2 protein chains.
Amino acid sequence: MKNRPLDFLSPRSIMVVGASANPAKRGYNAIARLLSDGFDGPIYPINPQLTELRGLTCYASIAEVPEAVDLALICTPASTVPEIIEQCGAAGIQGAIVLATGFSESGPAGERLEQAAVEAARRSGVRLVGPNTSGMFNTARQCNLVGFQDLRQGSVGILSQSGNMALSMITESRRHPTLGFSTYIGVGNEAEIALHEYLDYFAHDSDTRVVATYIEGVRQGEAFLQSARALSTRKPMVLYKSGRTPSGQSAARSHTGALAGDITLCRGLMRQAGVILVERSDHLLPVAESLATQPSARGYRVAVLADGGGHATITADEMSDRGLQLAELEPATRERLRGLLGPQAPVDNPVDFAGASDTEPGLFADCSELLLADPGVDGLLVVGLFGGYQLRFSTTLADVEEQAAQTLCRLQKQYGKPLVLHSLYKHHNTEALQRLEAGGIPVQDSLEVAVHCMAALCQYGEVQQRPSPAPNLRREALTPLKAAAEMLDAVIAEQLRVVTEDKGRALLKLYGIDTGETCLIQDETALRAAARDFGERALAMKVVSPQVVHKSDAGGVALNLRGEKALLQAFQRIIDSSRRYRNDARIDGVLLTPMAPAGGVEVILGITRDPQFGPVIMFGLGGIHVEVLRDVSFRALPLDAADAATMLTEIRAHRILEGVRGQPPVDHDALIELMLSLSRLLQAHPQIAELELNPVMLYQSGLEILDVRILLTEKPIR
Amino acid sequence: MKNRPLDFLSPRSIMVVGASANPAKRGYNAIARLLSDGFDGPIYPINPQLTELRGLTCYASIAEVPEAVDLALICTPASTVPEIIEQCGAAGIQGAIVLATGFSESGPAGERLEQAAVEAARRSGVRLVGPNTSGMFNTARQCNLVGFQDLRQGSVGILSQSGNMALSMITESRRHPTLGFSTYIGVGNEAEIALHEYLDYFAHDSDTRVVATYIEGVRQGEAFLQSARALSTRKPMVLYKSGRTPSGQSAARSHTGALAGDITLCRGLMRQAGVILVERSDHLLPVAESLATQPSARGYRVAVLADGGGHATITADEMSDRGLQLAELEPATRERLRGLLGPQAPVDNPVDFAGASDTEPGLFADCSELLLADPGVDGLLVVGLFGGYQLRFSTTLADVEEQAAQTLCRLQKQYGKPLVLHSLYKHHNTEALQRLEAGGIPVQDSLEVAVHCMAALCQYGEVQQRPSPAPNLRREALTPLKAAAEMLDAVIAEQLRVVTEDKGRALLKLYGIDTGETCLIQDETALRAAARDFGERALAMKVVSPQVVHKSDAGGVALNLRGEKALLQAFQRIIDSSRRYRNDARIDGVLLTPMAPAGGVEVILGITRDPQFGPVIMFGLGGIHVEVLRDVSFRALPLDAADAATMLTEIRAHRILEGVRGQPPVDHDALIELMLSLSRLLQAHPQIAELELNPVMLYQSGLEILDVRILLTEKPIR
């Protein structure tokens, strides 16, 4: 059965279960606020002790309410909840918000209660927000069921795993003169409705232009990524993800019980999904506001208008850190700037007035027009004192600043490029700054925040320009090849989880991955024949046994072998020491492979099933780069070619792939093709829990896979 | 001649050269402000056209002023400045502030004018602030010569290479209810007074408790580091350094013409000097304020008090990023917390009220007392809604919050540990929050900023606990060893800059550095003898020639040589190909060294003379770690053992030194000893421009230096 959509989050009628006459109670406050805000629909308080509350008729039970209500706010204690939900279902209520604590966050008894509530909801078709939630609001419906004060209607939606982070945003919003909110949902324990369903709701909520999300951990990660990707194609989703460090993770665990993952993984997956990730909680709101008010940029080339070298320098520093480029101005633009600023003015980007605007803040408008008109400029950052020249220098400048502000708003719309403005004087809220805000140009009081807002507008521009996902990105299982399926089934039939390297290589070959010349040798006769075939080439020999996973530790590897004699000796040694290492090991033989040519770049490709996000692929350079430096890039599977190409640029050491110390660049195409093949293989065989190619040697042309490790899931999937 | 100290920055009498009756001019404004602020001393306007200005007698010339004035503010155009300074000198004026632009920042003509001004100043003993400066203020003297409005007296000093960054701080300070400033100095072009002299001034200015500095580049870096270190032992110095990225650097260059260096180098050197570096401009002021108001911490173990998991998790994440630890609470503390919060409460750090404080914000005071009393807690971070429960929940809580605020102030002083408070409601400025600020506890509105403030308090605690610099840190040149000096003199006498490896190794040996068994071979007879001595050991052979610096490129290196025959062949090959590579090369022979044992960790030690900061030492892992990943650590010379040890922990890949993949740790002591020896060597021989040991192989016991490169300065120093 497909879940009922979450339309009840825009309710036309509300029931408050556990309504109260005590002003300290949520069951009173919610009703009082609905009334004072002018909620435009019937409100039904439920309380058998009362007949009337704030002029509303009180009902003794849910069943007595005369109509099928959209939304029930349940304010009663945890123990009553499953029964109440049953009653809600019987009364045809679409959704319920459960405020009570005492559920899964509190221990085993609470967990059982939560399970009972979920079962009741599923049985009766009631969708359930929470429990253990601060509530929700929908400003367009005048429906504030969380009790936040000072709420302004607007276009920013909030989805949060923490009520106090939402409160932080609402409180902070009072310092943004025009910023308002559409809908907030506190997800609480996410017992019945999963996070991604809320994303789907926001994707289709016409009141919401951007979604600000605070998340500590995700349970149904694959669905989350799909919904995030779908949402991001319609409107920007901004995410602050906490629990990104070991300390933070333990704090997060005790909070939601959700698993919180590595920030590197999160960065890769969110970029893939088109989500704008912010790594400071105090950037979440300004970035969301900018995305709600400004168009995205078509590229990363930004012009900066500053009054004074200090601000210009800091801005340039910060832009570089955030991946923005200082736009190269056209000669004609420079010429015109010189016309405005005088023949001596250095008209490089950043454009620095160096005091020229002290008496003439109108220069901001004039120069902005030139910069916005330049085809090499994707966005404009104005930093410094604008809006405050009237305070710093002379009140007579107020008019000029107001006029310039109005012009800036017009120019921004005319050129359709984003304009982000920083002003020291934001908090003085002069008329000029008010006009900017009113005209849809938010004012930032921090240079770093302003640059981050511009970076987000550029990132979202890139998201919007992405082609639709390639067909292979449909998250359907690919049909497995019959031979491959049979091979894995045979391993499983033997109660084994390890796929030995010979079989692993055969599996890769079935999916078109070249694993070079290898042969499995089981006796000396075969070895002699192989020795003849390989001639004088240097060979590697490795034990093949499902029980010997760490082959080197077992003395199960010999390298650089040449000629029959060396091969025979190594064979004997490897078999002997592998038996000594584990005397119950089933030894299938040894695998013979030619040594890889020298001079390659060593990389690792690994696929694992992340507990939050499902199958993910990791790429990194070999050796300590992964183990010690954690210099890796992640994407969720399935992977497309653009994602794979981006992964190669994301590691810190990416220059090595381009060739350093006189080396040629490695074969990027071969590597990307390998990554895509692995992605297809994994999609076809959900039994594979882990797959690691470590190392893969990359050359100027082609690559060589030196080791293949495949582990199957403990329990067969599906 | 020792420079006159900068006492004129606290002037008792002021002269304004270029006084004006035009309210749009600095020559009017400065006087008006001195009068309105109640400057407590004589003010002498100079203008031959006026006899009186704002009730003050005007003088036609400097010579006519009846007393020797402390400070002259020069508001006249650039061209007049050298002559005016001469006159100031003749009149016995201590210092002058030159506001005019049109000096070195504007091109060659301005540079000459600046030179003339400096010469006039030096001749006449006048110290010179600027030119091209926004001015200065000294609030204790009611002397505001920069015209910033809304100035509050207080204990934060500002030293800035950018006037608008100072303006940013002053403007921002209005949102900090009790934050005030002592002295601001805009250094302008730093034509006569160098940056470090201002640091010395602040070190002894009793009105200043912390110095906030904005710097783009440093010219006299060694003196700067010395002064910064001296200042940091007396009071905290907080630095925001811009121009840290290539883009930022080009913006900085056009601004001050100063060289701006690599941020990695800056981080290392500032840590060494005890300077608190902030890497966001919007953190400079809050961090300075915290250091001005709170005691430093004795360690990095921080307790967190939060109301709600969201804030707790973000705080823990951010703490981990900033190197803070979540303090492990004592069992007794946990027991008492449980007594306050109920038997079910999880009393881990972060302590999360999870709503318990909604009706009882007094819990903040009670729990803070327990946490501050815990000997395992070095500092306390209180985050969330404190001060706003009265707004969020009930106005009846206002009294409780005010009382709790007062208690927090008392507890903080009683326990002498730092307390940093974050509140969503900072901008509501409730009575409770006002009491905190009045009691010396600044309130932050960003979790990230709050954590950074605490981190700075911990860092400064570490600075204060450092022992006084070891004797070898006195920046005197060490007496060079006679044999070493003679060797280098001989190289210089030959008009050479390259010290060949044989001599380089000999030089290291003289300073007690073991460079292993090596011998310089000049003919086949000597080579045969050496072959006998070394026996069957594998040897490396390298050409020795002052003209062949890139030995491998010249075919001048052979490795893994064993036995006489191989050595003779290699010798011939190396000599031949070196000659082919450069036929004018003087070939001194070849250097024979035993091959280093396998299994070591490859590192690089390099010493160079940084254009800003003088001689610095760099440490990094070998190969791509330095070249591609830039994973290095820097310190200025001379180095002490503690600095050297810290360098080893500062690289990202530091775990490799501890032993990964089953390897033992490397010999840290041997490496540190080597670094200190290099430091001594460089101090003794200022002729050395660069010295690189690349690679050095580190083993579990000892190390081996595989290559030595020494380059002398182009011109002999001193």
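Order of the sequence lines sets the chain letters (A, B, ...), proteins ahead of strands, with each chain counted from 1. Only a predicted model underlies this, so the values are computations on that prediction, with no experimental measurement involved.
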Chain A heavy atoms under 4.5 Å from [X]: which part of the residue, side chain, backbone, both or neither?
X      : value
B:L167 : both
B:S394 : neither
B:H422 : neither

Would you name the heavy atoms of [X] and [Y] that are closest together and state the gap between them?
X      : Y      : value
B:I314 : A:S242 : CG1-CB, 4.1 Å
A:R392 : B:V146 : NH2-O, 3.6 Å
B:G310 : A:E216 : CA-OE2, 3.6 Å

Quiz item: Say you draw a straight line from CG of B:L447 to CE of A:M165; how long is it, rounded to the nearest 0.5 Å?
Solution: 7.5 Å

Any idea which of [options] has the most non-hydrogen atom pairs under 4.5 angstrom with chain B?
options                        : result
A:D445, A:V449, A:T101         : A:D445
A:R175, A:K426, A:M319, A:Q325 : A:R175
A:L391, A:T315, A:D150         : A:L391

Practice problem: Tell me yes or no: between the side chains of A:S281 and B:H311, is some donor less than 3.5 Å from an acceptor? | Solution: no

Quiz prompt | Residue pair A:R174 / B:H427, side-chain donor-acceptor N/O under 3.5 Å | solution = no

Quiz item: Would the number of heavy atoms belonging to other residues, nucleotides or ligands and lying under 6.0 Å from CD of A:E328 be above 12?
Solution: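 It does not: A:E328 CD has 12 such atoms or fewer within range.
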
Quiz item: Just wondering, do B:T171 and A:H428 contact through their side chains at under 4.5 Å, heavy atoms?
Solution: yes

Quiz item: Side chain, backbone, both or neither: which part of A:Q149 has an atom under 4.5 Å from a heavy atom of chain B?
Solution: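 Contact with chain B: side chain only.
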
Quiz item: Is the shortest distance from a Lys or Arg side-chain nitrogen in B:D631 or A:R652 to a carboxylate oxygen in the other one below 4.0 Å?
Solution: no

Exercise. Check whether any side-chain N or O of A:N164 sits under 3.5 Å from a backbone N or O of B:D307 as a donor-acceptor pair, and report yes or no.
Key: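 Yes, A:N164 side chain to B:D307 backbone: donor-acceptor pair under 3.5 Å.
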
